A.B. asks: 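Questions regarding the structure given below will be posed in turn.
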There are 2 protein chains.
Amino acid sequence: MARKTGSHSQITGPKVQQAASKLFARHGFAAVSMRQIASEVGVQAGALYLYTPDKQSLLFDLMQGHMQDLLTAWEAQEKGIGPLAQLEAFVRFHIGFHLDRPDAVFIAYMELRNLSEENFAVIEELRKRYEDVLEGILREGQQAGVFAVPDTKLAMMALIAMLTGVNTWYREGGRLSRDKVEEIYWDMARKAVAG
Amino acid sequence: MARKTGSHSQITGPKVQQAASKLFARHGFAAVSMRQIASEVGVQAGALYLYTPDKQSLLFDLMQGHMQDLLTAWEAQEKGIGPLAQLEAFVRFHIGFHLDRPDAVFIAYMELRNLSEENFAVIEELRKRYEDVLEGILREGQQAGVFAVPDTKLAMMALIAMLTGVNTWYREGGRLSRDKVEEIYWDMARKAVAG
DNA sequence: TGTTTATCTGAACATGCGTTCATTTCAAAG
DNA sequence: CTTTGAAATGAACGCATGTTCAGATAAACA
């Protein structure tokens with residue numbers, strides 16, 4: 001039995017990505033089998049290979065897509081003028097974007113070691129581009145005398161770790177609204193780099 | 001052939017833990033086989049079961065040991081008097097302790113989802129005990145008017161994420177000494193919660 | 001209506017998995 | 001010098017893995 005009703009390729013393709021994303025985030029890349037992904041999609045394992053050359057590409061495509069979305073979304077973001085306004089924009093953007101995609105974020109941070117060497121290099125390059133955004137803001141603020149950061153690379157790492165950490169505890173419908181969380185984190189970030 | 005020279009049980013036991021720790025940290029729990037661990041130890045796979053009932057226990061014991069070491073080490077730590085001194089002690093302790101054990105830290109953060117339900121509950125309880133330490137310091141400082149943190153839980157999460165993040169980039173013999181890193185992070189942490 | 005073609009099945013492949021266990025080895029105890 | 005028993009081997013167990021592919025199916029086109 002194959003292809004019961006209608007043409008499915010444009011439906012099944014995205015479904016495979018979504019199923020992989022969900023399962024990789026929940027159980028980890030290595031712990032998820034192609035048969036599990038197929039089952040989640042509602043298809044036999046062999047059919048997955050119409051949409052991906054192999055399991056590794058499934059992971060890589062998810063991560064690359066996520067990182068590219070991140071960079072694209074930042075470019076489209078209202079940033080304001082001056083280091084302080086830009087830092088606030090970055091803080092709020094980072095928290096919001098990451099809370100919108102918990103699965104993709106989880107995968108992007110946890111499954112780096114399951115990438116092949118070449119694929120890893122690609123993802124790391126994209127990650128570096130994003131980190132450079134924040135480091136640039138901090139450097140400008142430092143030079144303008146608005147921030148007091150003895151080491152922009154360290155401050156950048158510290159801030160990103162702090163902001164990304166929101167994903168580990170935030171739950172929709174919890175004690176605090178997203179806006180309130182953004183506000184509190186922005187307050188801490190601002191003070192942490194303040195002159 | 002078995003047991004070439006001398007009695008090995010008191011050597012092999014720790015070796016198994018060390019090999020598992022190293023390999024789990026590098027490749028992830030699910031991606032490491034008992035045969036790989038055995039090979040790292042210099043033994044056949046069957047011999048591992050003289051030292052652990054199963055693979056899951058190997059992971060659990062590593063994580064439980066790490067969390068207990070963490071709590072014990074904090075108790076033995078010089079803490080100083082007052083919220084500010086205690087926060088500084090915590091920041092420096094956290095960074096130092098975690099940089100000393102990169103593999104264990106990596107495992108403790110990445111492999112939670114590979115724990116059985118009961119084992120997960122045990123580790124989470126230990127983690128909560130550690131988080132409560134920092135939250136307690138922040139609460140005291142808030143009440144004493146030394147800190148200005150609108151939400152102690154959020155501030156605690158933000159600080160711990162920031163501090164633990166050091167492990168992702170710090171390399172021994174790099175640009176900055178450990179002491180310098182501790183100092184910069186302490187500066188940021190202090191300012192972030194300052195009144 | 002008949003033909004084509006994209007989509008999917010289901011079985012098969014070799015390989016590796018966690019775990020068990022009868023057997024072997026050999027340092028130490030008697 | 002013999003006995004003992006801890007420590008390790010190595011083969012085996014059933015099962016799951018990623019991937020391939022010939023064949024089946026049904027929608028789209030002529």
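This one's a predicted model, so the numbers in the text were calculated from it and none came from an experiment. Per chain, numbering begins at 1; letters A, B, ... match sequence-line order.
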A.B. asks: Send over the distance from B:Gln44 CD to D:dA7 C1', rounded to a whole Å.
C.D. replies: 13 Å
A.B. asks: DNA chain D: B:Val43 or A:Gly46, which has the more 5' nearest nucleotide?
C.D. replies: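 Closer to the 5' end of DNA chain D: B:Val43.
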A.B. asks: If the condition is side-chain hydrogen bond (donor to acceptor under 3.5 Å, both in side chains), which residues does A:Ser116 pass it with, not counting sequence neighbours?
C.D. replies: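 With neighbours one apart ignored, the set is A:Asn119.
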A.B. asks: Taking only residues two or more places apart in sequence, or in another chain, which ones meet A:Arg92 in a side-chain hydrogen bond (donor to acceptor under 3.5 Å, both in side chains)?
C.D. replies: A:Glu88, A:Glu182
A.B. asks: Is B:Asp187 paired with B:Arg190 through a side-chain N to carboxylate O contact shorter than 4.0 Å?
C.D. replies: yes
A.B. asks: Which pairs with one or both residues in residues 133-153 of chain A pass side-chain hydrogen bond (donor to acceptor under 3.5 Å, both in side chains), sequence neighbours excluded?
C.D. replies: A:Glu135-A:Thr152, A:Asp151-B:Arg175
A.B. asks: Quickly work out the B:Leu50 CG to D:dA7 C1' distance and round it to whole Å.
C.D. replies: 6 Å
A.B. asks: Does D:dA7 have its OP1 or OP2 closer than 4.0 Å to a side-chain nitrogen or oxygen of B:Tyr51?
C.D. replies: no
A.B. asks: Can you check each nucleotide of nucleotides 13-18 of chain D against protein heavy atoms at under 4.0 Å and return B for base, S for sugar-phosphate only, - for none, in 5' to 3' order?
C.D. replies: ----BB
A.B. asks: Using ring pair (Phe, Tyr, Trp, His ring centres under 6.0 Å) as the criterion, list what pairs up with A:Trp74, not counting sequence neighbours.
C.D. replies: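 In terms of ring pair (Phe, Tyr, Trp, His ring centres under 6.0 Å), with neighbours along the sequence ignored, A:Trp74 is linked to A:Phe90, A:Phe93.
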A.B. asks: Who are the side chain to side chain contact (heavy atoms under 4.5 Å, CB included) partners of A:Glu131, not counting sequence neighbours?
C.D. replies: A:Arg127, A:Met156, A:Met157, A:Ile160
A.B. asks: Please confirm whether the shortest side-chain N or O distance from A:Thr12 to OP1 or OP2 of C:dC8 is below 4.0 Å.
C.D. replies: yes
A.B. asks: Rounded to whole angstrom units, what separation is found between the CD1 atom of A:Ile11 and the P atom of C:dA6?
C.D. replies: 18 Å
